[in-house]
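In what follows, a structure is listed as structure tokens, so that the remarks can point back to it.
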Protein chains: 2
Amino acid sequence: MTAPTLADQIANRLRHAILLGELAPGSSVGERDYAQKMGVSRTPMREAIRILAKEGLLVLRPSFSPVVADPSLKQVEDELTIIRALEVLSGELACAHATEAQIGAIRALHERMVVLAETEEMLQFFETDMAFHRAIARASDNARLDELHGQLLARLWRVRFLSARQAWDRDRVLKQHTLIVAGLEARDADLVRLETDSHIQHIKRNIQGHFRRESL
Amino acid sequence: MTAPTLADQIANRLRHAILLGELAPGSSVGERDYAQKMGVSRTPMREAIRILAKEGLLVLRPSFSPVVADPSLKQVEDELTIIRALEVLSGELACAHATEAQIGAIRALHERMVVLAETEEMLQFFETDMAFHRAIARASDNARLDELHGQLLARLWRVRFLSARQAWDRDRVLKQHTLIVAGLEARDADLVRLETDSHIQHIKRNIQGHFRRESL
DNA sequence: CCTCGCCATTTGGTATACCAAAAACATAGC
DNA sequence: GCTATGTTTTTGGTATACCAAATGGCGAGG
């Protein structure tokens with residue numbers, strides 16, 4: 001039973017489809033439909049749906065088929081507010097508890113981003129960005145914080161990806177990441193806190209701009 | 001389908017049993033056993049187990065029956081660290097966004113605690129304490145924050161209940177709550193942040209003491 | 001007496017059949 | 001032509017049967 005359960009596999013496939021936009025927000029995901037569509041029975045599909053619902057990618061409504069979540073700007077802002085608090089906390093804790101190896105890994109991810117920024121590998125750049133922040137959370141030596149942070153990031157994956165398409169933003173991201181890495185290496189909690197906070201604030205503004213643009 | 005599903009009902013019953021200590025940490029909760037024990041089939045029981053697992057009250061292990069969680073001191077501390085960050089954030093946001101009615105409700109809960117402190121209604125005192133903190137989170141005008149905070153509190157319900165049995169602690173709790181209420185009414189984010197932080201730190205020390213006492 | 005391996009039992013995972021409620025549609029009455 | 005109502009269909013919820021894997025006991029062999 002070490003193999004991932006069918007429900008997990010399906011959840012993963014569905015998650016990918018949702019994040020990549022193959023399943024548009026608002027699409028309904030009926031148990032029967034998708035169970036057949038993916039060649040499994042309703043039981044694991046049902047479980048997969050519950051998993052994604054808990055993650056916030058699907059919303060369940062009584063008497064209706066589950067629907068791909070379509071978060072409002074306020075919801076995204078609220079979530080980012082929480083992420084900001086958790087990342088600031090992660091940074092502080094990482095300054096105190098991170099091993100040198102962990103900080104090295106963070107720096108490595110940062111340097112990978114610098115390289116990727118030159119190319120047109122948008123997706124890889126973005127995923128490395130996510131990995132960078134995940135690595136900081138992991139270095140907090142607080143497993144639950146890491147887990148929670150991952151959940152929140154996952155939920156915002158798509159909207160962040162869409163809003164991060166502006167290439168002009170990359171320089172700012174890299175500059176801020178540089179400062180965060182420097183802060184971690186110097187174990188300077190104040191610097192990390194400050195830069196992390198500002199970093200997320202900028203992301204929030206970016207997303208606000210994305211929503212504004214989208215609602216034309 | 002407005003009625004709560006069987007799975008939810010069972011999850012609630014199990015949750016109660018766990019929090020009240022009727023199901024000792026470490027007890028195994030087999031699907032078949034408990035499905036029969038509670039007079040339902042495996043399907044809703046299975047779902048209930050997943051729900052409680054997501055909440056952290058049960059832990060799932062491949063090839064084994066689920067088991068009632070038995071968090072280590074470090075895990076509890078880690079969780080409290082997160083709760084502290086979220087409650088501080090809640091307090092700040094509440095200062096900015098809470099309606100007068102919400103602050104009134106918070107004060108009312110506080111005053112109810114003052115009354116209950118005189119009696120021996122330990123459980124009610126404790127539940128009002130939880131409600132007090134939940135109310136602040138609700139006043140943050142950030143639904144997701146409220147939800148997350150509730151989840152984290154729920155997970156620590158039992159250990160906090162056990163560690164809060166010391167009556168000598170009530171005065172300190174009430175005093176700190178008084179300051180927090182004052183801070184909210186004055187919309188003084190700094191005061192709220194400070195007192196909330198200190199409040200949770202004290203709770204953490206209490207729990208540390210509880211663990212020390214327990215491990216005799 | 002100890003150890004290694006096999007088998008039975010128990011576990012969770014999956015498929016499927018059935019049910020009740022609610023939504024959608026069509027039809028009849030106004 | 002519109003509304004109200006009854007029927008049909010689709011939905012999720014539940015029960016149950018079956019499967020494969022892992023555990024733990026039991027027995028044979030050392």
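Labels below follow one simple rule: chain letters A, B, ... track the order of the sequence lines, proteins then strands, and each chain is numbered from 1.
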Let me know the distance between [atom1] of [X] and [atom2] of [N], rounded to the nearest Å.
X: B:D8; N: D:dT14; atom1: CG; atom2: C1'; answer: 14 Å
X: B:F64; N: C:dG12; atom1: CZ; atom2: P; answer: 11 Å
X: B:L6; N: C:dA21; atom1: CG; atom2: C1'; answer: 15 Å
X: B:L58; N: C:dG12; atom1: CG; atom2: C1'; answer: 15 Å
X: B:L60; N: C:dG12; atom1: CG; atom2: P; answer: 9 Å

Between the side chains of [Y] and [X], is the shortest nitrogen-to-carboxylate-oxygen separation below 4.0 Å, so that they form an ion pair?
X: B:R155; Y: B:E79; result: yes
X: B:E147; Y: B:R144; result: yes
X: A:E31; Y: A:K37; result: no
X: B:R193; Y: B:D197; result: no
X: B:E47; Y: A:R50; result: yes

- Message: For the backbone of A:Q151 and the side chain of A:E55, can you confirm whether one donor and one acceptor N or O come within less than 3.5 Å of each other?
- Response: no
- Task: Please list, by residue number, the residues of residues 25-48 of chain B whose heavy atoms come closer than 4.0 Å to an atom of DNA chain C; answer none if no residue qualifies.
- Result: B:G30, B:E31, B:R32, B:R42, B:R46
So, OP1 or OP2 of [N]: does either fall under 4.0 Å of a side-chain N or O from [X]?
X: B:S65; N: C:dG12; value: yes
X: B:T5; N: D:dG12; value: no
X: A:R50; N: D:dG13; value: yes

- Task: Assess B:R170 against B:F125: is NZ or CZ under 6.0 Å from the centre of the six-membered ring, and within 45 degrees of the ring's axis?
- Result: yes
- Does atom CD of A:Q36 have more than 12 heavy-atom neighbours, drawn from other residues, nucleotides or ligands, at distances under 6.0 Å? no
- Message: Using a 6.0 Å cut-off, check whether atom CD of A:E120 has over 12 heavy atoms from anything other than its own residue.
- Response: no
Would you list the protein and nucleotides 6-9 of chain D atom pairs, both N or O, that sit under 3.5 Å from each other?
none

